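Hydrogens, waters and symmetry mates are skipped; everything else that's a heavy atom, side chains included, is used. Model, not experiment: these values are computed from the prediction. Sequence lines set the chain letters: A, B, ... in the order given, protein chains first and strands last, and positions in each chain run from 1.
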Protein chains: 2
Amino acid sequence: MSRPRDAAATKAALLDAATKLFGERGFDRTTVRDIANLAGVNQALLFRYFGSKDALFATVLTTQSRELLEDSPAEHLLRNVLLRMLEEKPRREDHPLYAVLRSSHHDSAADLVRRQLGEEYARALASLTDADDAQLRADLVLAWIVGIGVLRTMFGKEPLAGADRAEVAALVTKAASVLLEHTEPG
Amino acid sequence: MSRPRDAAATKAALLDAATKLFGERGFDRTTVRDIANLAGVNQALLFRYFGSKDALFATVLTTQSRELLEDSPAEHLLRNVLLRMLEEKPRREDHPLYAVLRSSHHDSAADLVRRQLGEEYARALASLTDADDAQLRADLVLAWIVGIGVLRTMFGKEPLAGADRAEVAALVTKAASVLLEHTEPG
DNA sequence: CCCCCATGTAAGCAGTTGCTTACATCCGAC
DNA sequence: GTCGGATGTAAGCAACTGCTTACATGGGGG
């Protein structure tokens, strides 16, 4: 009884619950029992379908960011990521960055995934400039996005936390364009 | 035998070990046994002198923040803070920032860092511009500095983590000057 | 119809965690 | 000296963790 026998729905429920809890509490403070309860699923199924808590975390990160990266052409990536980060009610679970920030891992598969994500964002941003140090410039822009997320959601720093999205986005894109502009011929 | 009977030294050893480990691993991934071992102290003493792991964490943060004081002339503040954030090893006073970032819950800890960030840095940075939204601009610059620290020390993101300090500082100051410049009369 | 396996469940295992307890031992006050 | 509290030690407890196992069950293919 109880659950409909539907593996796909069960997996999805687990992934949703994990996404929410990892984003809100971080990896360590989220237990597999919490995830299973929120999903309304027996916790043994979590291991059947995802293998381990680490693997589930990795799956959460990759699926989340794939969507964002694929939906945004490079020239709009900065703005899109920024706006997502600046949403009125910061739905923490919405952005994998929050899960990453609240879970600092120096071992395990999750660390690898985090590295890959950073590379993907940086590569996309680096394509916006033809400067010699494009990669470094991209890292700096990425750092800015991360820092804004940290101050807003983890520290609640005012006035940034309560600032108007458009205003913030305008200031950041203006300043970041100094780093990401193409050199004009002539 | 073993330890000299010196409560003050024991407390100090525990506090030092806790400071180091909380900063490196965060609250959750640091165990009281780790702290006691690093301090060379029986773990029962940790509870005798600090009450609980939570209380020890709070003590670490408050103790450190009292040490955090840096006076730089406002015009050089950005550069000084930047260079400091780009140092190879984070300073002792920088640890509360990372300790909090690596520790997912602890609201009081977040309050502490927020207050420091606001009063120490943001106010000074805000004095660098006369724009209406000086505070917001200062927060954004501060967010950048924090983000750079996160990518370097927590994520080890390359090429940023291994980049030349001066080069990074040059790029950041150039882009940040867009936000912090004074409006020219006429 | 029946069999079989994908799906779901209940229970528990081994390791770790924060914290406590019961007990030695030292040292200063008297 | 000796008494008592401050200091240090060893052991263990109860709860929680990720994960596994042994077992029900239902539905689709033969």
Side-chain angles (χ1 to χ4, degrees), chain A residues 1-22 24-61 99 102-111 113, chain B residues 1-22 24-61 99 102-106 108-109:
Chain A
M1 262 295 89
S2 51
R3 276 198 78 74
R5 295 174 82 81
D6 183 343
T10 298
K11 273 200 233 182
L14 283 169
L15 202 59
D16 281 351
T19 301
K20 178 167 186 210
L21 293 180
F22 282 144
E24 284 177 359
R25 310 181 190 171
F27 182 83
D28 288 321
R29 295 182 100 85
T30 301
T31 73
V32 295
R33 284 170 177 81
D34 288 340
I35 297 171
N37 280 348
L38 181 60
V41 162
N42 189 290
Q43 62 148 331
L45 298 180
L46 186 155
F47 295 95
R48 172 128 66 206
Y49 292 131
F50 294 95
S52 71
K53 187 189 176 188
D54 269 299
L56 174 57
F57 187 67
T59 304
V60 166
L61 289 189
R102 301 196 111 96
S103 321
S104 63
H105 266 122
H106 283 329
D107 38 321
S108 87
D111 185 54
V113 173
Chain B
M1 261 294 87
S2 50
R3 276 199 77 73
R5 293 177 82 79
D6 183 342
T10 298
K11 273 200 233 183
L14 283 169
L15 202 58
D16 280 351
T19 300
K20 179 166 187 231
L21 293 181
F22 283 145
E24 285 176 1
R25 310 181 191 171
F27 182 83
D28 289 321
R29 294 183 101 80
T30 301
T31 73
V32 294
R33 285 170 177 81
D34 288 339
I35 297 171
N37 280 348
L38 181 59
V41 161
N42 189 289
Q43 63 147 329
L45 297 179
L46 185 155
F47 294 95
R48 173 128 66 207
Y49 292 131
F50 294 95
S52 70
K53 186 189 176 187
D54 271 287
L56 175 57
F57 187 65
T59 306
V60 165
L61 291 184
R102 292 199 146 106
S103 312
S104 345
H105 235 303
H106 283 93
S108 61

query = OP1 or OP2 of D:dG8 less than 4.0 angstrom from a side-chain nitrogen or oxygen of B:Thr10, does that happen here?
reply = yes
task = Compare every heavy atom of B:Ala13 with every heavy atom of B:Ala39, then report the nearest pair and how far apart it is.
result = CB-O, 3.5 Å
ask   = Which part of the nucleic acid does B:Tyr49 contact within heavy-atom distance under 4.0 Å: base, sugar-phosphate only, or nothing?
value = sugar-phosphate
message = If I take atom CG in residue B:Asp34 and atom C1' in nucleotide C:dT16, what distance separates them, rounded to the nearest angstrom?
response = 11 Å
ask   = If you draw the axis of the six-membered ring of A:Phe50, does the NZ or CZ of A:Lys11 fall within 45° of it and under 6.0 Å from the ring centre?
value = no
remark   = CG of A:Asp16 to CD1 of A:Ile35, rounded to nearest 0.5 Å, is 11.5 Å
inquiry  = Whole angstroms only, please: what is the CG-P distance between A:Asn37 and C:dT9?
reply    = 12 Å
request  = For B:Lys53 and C:dT17, give me the distance from atom NZ to atom C1', rounded to whole Å.
outcome  = 8 Å
ask   = Of the nucleotides D:dT9, D:dT20, D:dG26, which one has an atom closest to the side chain of B:Asn42?
value = D:dT9
remark   = Rounding to 0.5 Å, atoms CZ (B:Arg33) and CG (B:Leu46) come to a distance of 11.0 Å
Value in whole Å for how far the C1' atom of C:dT9 lies from CZ of A:Arg48 = 10 Å
request  = Would you mind reading off the distance between B:Phe50 atom CZ and C:dG18 atom P, rounded to a whole angstrom?
outcome  = 16 Å
query = For the pair made of CG in A:Leu46 and P in C:dG8, what is the distance, rounded to whole Å?
reply = 13 Å
request  = Please tell me which of the listed nucleotides, C:dG18, D:dT7, D:dT17, lies nearest to the side chain of B:Phe47?
outcome  = C:dG18
Rounded distance (Å) that lies between atom P of D:dA10 and atom CG of B:Leu45 = 11 Å
note = With the side chain defined as heavy atoms from C-beta on, A:Thr31 is closest, among D:dG18, C:dT20, C:dG18, to D:dG18
query = Taking it one step at a time, do B:Arg102 and B:Phe22 satisfy side-chain contact (heavy atoms from CB on, under 4.5 Å)?
reply = CA-CA 8 Å; B:Arg102 292 199 146 106; B:Phe22 283 145; over 6 Å; no
remark   = Considering only heavy side-chain atoms of B:Arg5, the closest of C:dA6, C:dC26, C:dG12 is C:dC26
request  = Send over the distance from B:Arg33 CZ to C:dG15 P, rounded to a whole Å.
outcome  = 14 Å
task = For the side chain of A:Ala44, starting at C-beta, report the closest nucleotide among C:dC27, C:dT9, D:dG12.
result = C:dT9
